[in-house]
Amino acid sequence: MEMRDYLSIRRAYNLVRQRIEPSKRVTFSEFAILCRLSLTDKTMRTSDIAEYQGCLRPTMTHRTKHLSELGFIDREKGETDRRNVVCVLTDSGRSTVEDLCDETRKVNVEAHPTSRITVDRMCRSIDVMGTLNYMARDLVLLALAANESGAMTVGDLVEELGFLQPTISMSVMSLAEEGMVSRGHLEGEGGASYVILSDAGHAEADQLAEPIAALNVGRKGRKV
């Protein structure tokens, strides 16, 4: 997957999520679980979903419980092993997948009019992107690295990533404490304060970019 496509889709969903009533919002990782269940079209054990997303079982339990509380999935004890919990998409969950994928596609196309991404392709993209647990601070590093100058204002990052300003500011503060970025002014750019990627930040961004480049969005399968 191209970095441009990855960041564009993450931005599009961030903007779509802001339009949803807070009590009904799902995180990007939870959205990816819904896409995985939709494409699989059968029950999945929480342990298998946790392996797919590369997270700990308690984290996956929290995510699937939230989706169950929203009525998007059903969680049941396994028939052969009662210690396992299996998840299946509900009708409401299937409608939610379709709606979220379509809305994310529309926002993505608004930003990139030449994009020909379909709802099915969006669902498959979200599915594979769900294997990477990248948070806001990771996306800030990737956006800075993708920028030719390696420097952007907080406002630029808000526009580029679709997060609210407080989220970007907190991420920048955390990255600055880690030595991944610095704050300063660029020569010839007036009084604007920029977030500037450090050498350490460049190195971490390169590590984050490698798995994205390896993501492969499948073309075949059931249409969403």
Side-chain angles (χ1 to χ4, degrees), residues 1-44 46 48-50 52-55 59-75 87-113 115-136 138-139 142 158-164 167 212 215-224:
M1 175 177 279
E2 297 289 336
M3 180 61 67
R4 169 186 176 276
D5 296 329
Y6 179 86
L7 290 176
S8 180
I9 291 173
R10 288 297 304 259
R11 172 187 182 274
Y13 181 64
N14 285 339
L15 293 175
V16 168
R17 187 171 182 266
Q18 290 175 30
R19 301 173 183 173
I20 300 171
E21 182 182 329
S23 63
K24 297 181 179 178
R25 291 175 184 169
V26 298
T27 66
F28 186 82
S29 294
E30 291 168 345
F31 182 19
I33 292 171
L34 296 178
C35 288
R36 166 55 49 130
L37 290 171
S38 174
L39 293 167
T40 303
D41 204 22
K42 62 182 181 182
T43 60
M44 287 188 70
T46 53
D48 291 335
I49 305 175
Y52 142 70
Q53 289 204 332
C55 69
T59 300
M60 185 52 59
T61 297
H62 175 77
R63 290 173 182 170
T64 54
K65 277 187 175 180
H66 183 226
L67 292 172
S68 177
E69 289 167 357
L70 290 173
F72 298 154
I73 68 172
D74 283 332
R75 299 173 76 251
C87 302
V88 63
L89 206 60
T90 63
D91 289 341
S92 176
R94 193 170 303 284
S95 295
T96 297
V97 171
E98 294 173 355
D99 291 344
L100 289 179
C101 285
D102 189 35
E103 289 302 311
T104 303
R105 181 194 65 81
K106 289 176 181 176
V107 173
N108 186 70
V109 172
E110 286 173 6
H112 304 284
S115 174
R116 296 291 182 267
I117 192 167
T118 63
V119 173
D120 177 71
R121 182 76 173 177
M122 180 59 73
C123 185
R124 294 179 184 286
S125 297
I126 300 295
D127 174 45
V128 299
M129 290 166 66
T131 61
L132 303 178
N133 288 295
Y134 289 174
M135 301 294 102
D138 302 314
L139 300 186
L142 290 170
V158 169
E159 174 61 27
E160 181 69 16
L161 297 174
F163 285 115
L164 295 174
T167 300
I212 293 174
L215 295 178
N216 182 31
V217 182
R219 294 180 179 275
K220 296 180 179 180
R222 188 183 58 79
K223 201 171 184 179
V224 176

- Evaluate the criterion side chain to side chain contact (heavy atoms under 4.5 Å, CB included) for residue pair Ile117 and Ser125; output intermediate values, then yes/no. CA-CA 10 Å; Ile117 192 167; Ser125 297; 4.2 Å; yes
- Task: Measure the spacing between CG of Asp138 and CZ of Arg10 and express it to the nearest 0.5 Å.
- Result: 8.5 Å
- Query: Closest approach of Ala32 and Gly130, non-hydrogen atoms and distance?
  - Reply: CB-CA, 3.5 Å
- Message: Looking at Gly71, is its backbone amide N or carbonyl O close enough to the side chain of Thr90 to form a donor-acceptor pair, meaning the two atoms are under 3.5 Å apart?
- Response: yes
- Which atom of Cys101 lies closest to which atom of Cys35, heavy atoms considered: SG-SG, 4.0 Å
- Distance in Å, Leu34 CG paired with Ser92 OG, rounded so as to fall on 0.5 Å steps: 9.5 Å
- Give a yes/no verdict on a cation-pi contact between Arg17 and Phe28, requiring under 6.0 Å between NZ or CZ and the six-membered ring centre and an angle within 45° of the axis. no
- Query: Could you go step by step and tell me if Leu142 and Leu7 meet the side chain to side chain contact (heavy atoms under 4.5 Å, CB included) rule?
  - Reply: CA-CA 8 Å; Leu142 290 170; Leu7 290 176; 4.2 Å; yes
- Message: When you compare the side chain of Phe163 with that of Val158, does any pair of heavy atoms fall below 4.5 Å?
- Response: no
- Message: Check this for me, if you would: do Arg105 and Asp102 make a salt bridge, where the nitrogen-to-carboxylate-oxygen distance has to be below 4.0 angstrom?
- Response: yes
- Message: Applying side chain to side chain contact (heavy atoms under 4.5 Å, CB included) to Val97 and Ile126, what does each step give before you reach the verdict?
- Response: CA-CA 10 Å; Val97 171; Ile126 300 295; over 6 Å; no
- Is the shortest heavy-atom distance from the side chain of Phe31 to the side chain of Val16 under 4.5 Å? no
- Task: Search all heavy atoms of Gln53 against all heavy atoms of Ser29 and return the closest pair with its distance.
- Result: NE2-O, 2.9 Å
- Query: Is Asn14 close to Leu164 at the side-chain level, that is, under 4.5 Å between some pair of heavy atoms?
  - Reply: no
- Message: To the nearest 0.5 Å, what is the distance between CG on Leu100 and CD on Glu30?
- Response: 11.5 Å
- Query: With sequence neighbours left out, what residues match Leu15 under side-chain contact (heavy atoms from CB on, under 4.5 Å)?
  - Reply: Arg11, Gln18, Val107
- Task: List the steps and the verdict of side-chain hydrogen bond (donor to acceptor under 3.5 Å, both in side chains) for Arg75 and Thr64.
- Result: CA-CA 8 Å; Arg75 299 173 76 251; Thr64 54; 3.2 Å; yes
- Message: So Val119 and Glu98, do their side chains get closer than 4.5 Å, heavy atoms only?
- Response: no
- Supply the atom-to-atom distance Thr40 OG1 to Asp127 CG, rounded to the nearest 0.5 angstrom. 7.0 Å
- Are any of the side-chain heavy atoms of Cys55 and Arg63 separated by less than 4.5 Å? yes
- Query: Between Arg36 and Tyr52, is NZ or CZ placed under 6.0 angstrom from the six-membered ring centre and within 45° of the ring axis?
  - Reply: yes
- How about Leu67 and Val26: do any of their side-chain heavy atoms sit closer than 4.5 Å? yes
- Tyr13 vs Asn108 side-chain heavy atoms within contact, under 4.5 Å: no
- Message: Once rounded to the nearest 0.5 Å, what's the spacing between atom CE of Met1 and atom CG of Leu132?
- Response: 9.5 Å
- Around His112, counting heavy atoms of other residues, nucleotides and ligands shown, do more than 12 lie under 6.0 Å from its NE2? yes
- Message: Between Arg94 and Asp41, is the side chain to side chain contact (heavy atoms under 4.5 Å, CB included) condition met? List the steps.
- Response: CA-CA 10 Å; Arg94 193 170 303 284; Asp41 204 22; 3.2 Å; yes
- Heavy atoms, side chains only, cut-off 4.5 Å: are Met129 and Ile9 in contact? yes
- Between OG1 of Thr43 and CG of Leu89, what distance do you get to the nearest 0.5 Å? 12.0 Å
- Looking only at heavy atoms, what is the nearest atom pair of Cys87 and Thr46, with distance? SG-CG2, 3.6 Å
